[in-house]
2 protein chains.
Amino acid sequence: MTETCQDDELRAVLRGLLTTIGDKWTLAVVATLVGGAQRFTAIQRETDGISHRMLAKTLRDLERDGLVSRTAHAETPPRVEYALTPLGRTLLDPVDGLIRWVDEHGQAVLRNRATAG
Amino acid sequence: MTETCQDDELRAVLRGLLTTIGDKWTLAVVATLVGGAQRFTAIQRETDGISHRMLAKTLRDLERDGLVSRTAHAETPPRVEYALTPLGRTLLDPVDGLIRWVDEHGQAVLRNRATAG
DNA sequence: CCGCATCCAGATCGATACTG
DNA sequence: CAGTATCGATCTGGATGCGG
């Protein structure tokens with residue numbers, strides 16, 4: 001495994017990661033899970049305007065990447081809880097950096113957008 | 001201007017920003033511009049596989065947000081140079097945090113994807 | 001050389017309905 | 001309650017051609 005290959009792969013992962021967390025709902029869902037494990041319906045209620053389908057997709061993607069864990073309890077009625085994995089929690093740090101940037105410079109971006117149309 | 005309104009707007013900006021920098025090519029273009037101002041064609045040559053149209057769109061979006069400046073020189077042949085603005089450079093910091101995260105945990109994500117995908 | 005408009009194929013998303 | 005499949009509307013991205 002060469003370094004260039006790794007570099008290429010890392011770039012791909014970076015883009016994929018940005019695409020993932022940049023997806024319309026991912027961040028909101030993650031924000032909902034910061035406080036602790038949540039059930040499917042609870043997440044949907046917390047996340048304003050998300051459709052059933054998109055929540056399912058978002059959670060599956062996050063689970064696929066190992067950022068969110070899915071625990072199905074064999075009960076009636078069925079109960080499934082989602083939570084951030086340790087790996088998922090490590091992501092909160094750099095994301096927080098982005099949030100701070102928006103907090104600091106977001107207004108400037110808005111102003112630019114308003115000016116430039 | 002209420003705080004809740006600002007909070008909503010900031011969330012919108014955050015999502016918009018993540019969408020922007022998560023867009024397929026934005027990061028590669030920004031990476032090209034880190035070293036200094038570049039011409040349209042030079043950026044296209046540096047950024048492997050990007051189409052004319054997408055580069056134009058990417059640059060326009062970045063310019064709209066005030067992250068990239070566009071300087072047209074009135075010459076023949078026409079020459080237009082793009083460069084990161086000071087605001088654009090402040091964004092490099094949090095993005096670097098993300099890159100470090102990928103550097104550190106990207107392999108784990110890939111492993112998870114391979115297992116679950 | 002630079003940028004935009006048009007056209008077209010593929011991806012995405014929301015609503016709905018159906019299974020366990 | 002949790003999750004998947006289908007369908008239709010919308011959006012995106014690439015190729016091409018034209019104007020500055």
Side-chain angles (χ1 to χ4, degrees), chain A residues 11-12 15-30 32-33 36-65 67-84 116-117, chain B residues 12 15-30 32-33 36-65 67-84 113 116-117:
Chain A
R11 274 199 175 276
R15 264 220 301 266
L17 176 74
L18 288 174
T19 302
T20 300
I21 70 175
D23 270 356
K24 205 175 175 187
W25 298 110
T26 303
L27 209 67
V29 170
V30 169
T32 303
L33 292 178
Q38 295 280 346
R39 305 179 57 171
F40 189 96
T41 310
I43 300 174
Q44 186 170 23
R45 208 177 320 115
E46 286 285 320
T47 311
D48 209 50
I50 194 172
S51 68
H52 193 124
R53 179 202 166 107
M54 277 302 105
L55 180 54
K57 183 191 185 306
T58 302
L59 288 171
R60 258 194 298 130
D61 286 351
L62 287 172
E63 191 196 355
R64 188 191 67 161
D65 287 359
L67 301 174
V68 160
S69 66
R70 178 184 174 280
T71 310
H73 300 269
E75 305 171 357
T76 44
R79 187 162 57 95
V80 181
E81 289 195 325
Y82 293 91
L84 290 175
Chain B
R15 264 220 302 265
L17 176 75
L18 288 174
T19 301
T20 300
I21 69 175
D23 268 358
K24 205 174 174 185
W25 299 108
T26 303
L27 208 67
V29 170
V30 170
T32 302
L33 292 178
Q38 295 280 346
R39 304 181 56 174
F40 188 95
T41 310
I43 300 174
Q44 186 171 23
R45 208 177 321 114
E46 286 285 320
T47 310
D48 207 50
I50 194 171
S51 69
H52 193 126
R53 178 198 164 100
M54 279 301 106
L55 179 54
K57 183 190 185 307
T58 302
L59 287 171
R60 257 194 299 128
D61 287 350
L62 287 172
E63 190 195 357
R64 188 193 66 162
D65 286 358
L67 301 175
V68 159
S69 67
R70 177 184 176 280
T71 310
H73 301 270
E75 306 172 356
T76 42
R79 187 163 56 95
V80 182
E81 289 196 324
Y82 294 90
L84 290 176
R113 272 187 205 186

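Naming convention: chains lettered A, B, ... in sequence-line order (proteins, then strands); numbering from 1 in each chain.
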* Asked: E81(A) CD to dC1(D) C1': how many Å, rounded?
  -> 13 Å
* Taking atom CD of E81(B) as the centre, does the number of heavy atoms from other residues, nucleotides or ligands within less than 6.0 Å exceed 12? -> yes
* Asked: In whole Å, what is the span from the CZ atom of R60(A) to the P atom of dT12(C)?
  -> 12 Å
* Quick one: the side chain of H52(A) and the base of dG3(D), do they pair up donor-acceptor inside 3.5 Å? -> yes
* Of the nucleotides dG13(D), dC4(C), dG20(C), which one has an atom closest to the side chain of A56(B)? -> dC4(C)
* Separation of dG3(D) P from I50(A) CD1 (nearest whole Å) -> 13 Å
* Asked: Starting at CG of D23(B) and ending at P of dT12(C), how long is that distance when rounded to a whole Å?
  -> 13 Å
* Round to the nearest Å and state the distance from L55(A) atom CG to dA15(C) atom P. => 14 Å
* Asked: For the pair made of CG in D61(B) and C1' in dT12(D), what is the distance, rounded to whole Å?
  -> 12 Å
* Asked: dG3(D) C1' sits how many Å from R79(A) CZ, rounded?
  -> 17 Å
* Is any side-chain heavy atom of L55(A) less than 4.5 Å from a side-chain heavy atom of L59(A)? -> yes
* To do: Kindly point out which of dG20(C), dA15(D), dG3(D) is positioned nearest to the side chain of S51(B)?
  => dA15(D)
* Structure fact -> DNA chain C nearest-nucleotide lookup for V80(B) and K57(A): closer to the 5′ end is V80(B)
* To do: Would you indicate whether E63(B), at its atom CD, is surrounded by more than 12 heavy atoms from other residues, nucleotides or ligands within a distance under 6.0 Å?
  => yes
* Asked: Would you call L17(B) and I21(B) a side-chain contact if the rule is heavy atoms closer than 4.5 Å?
  -> yes
* Asked: In whole angstroms, how far is the P atom of dG3(D) from the CZ atom of R53(A)?
  -> 15 Å
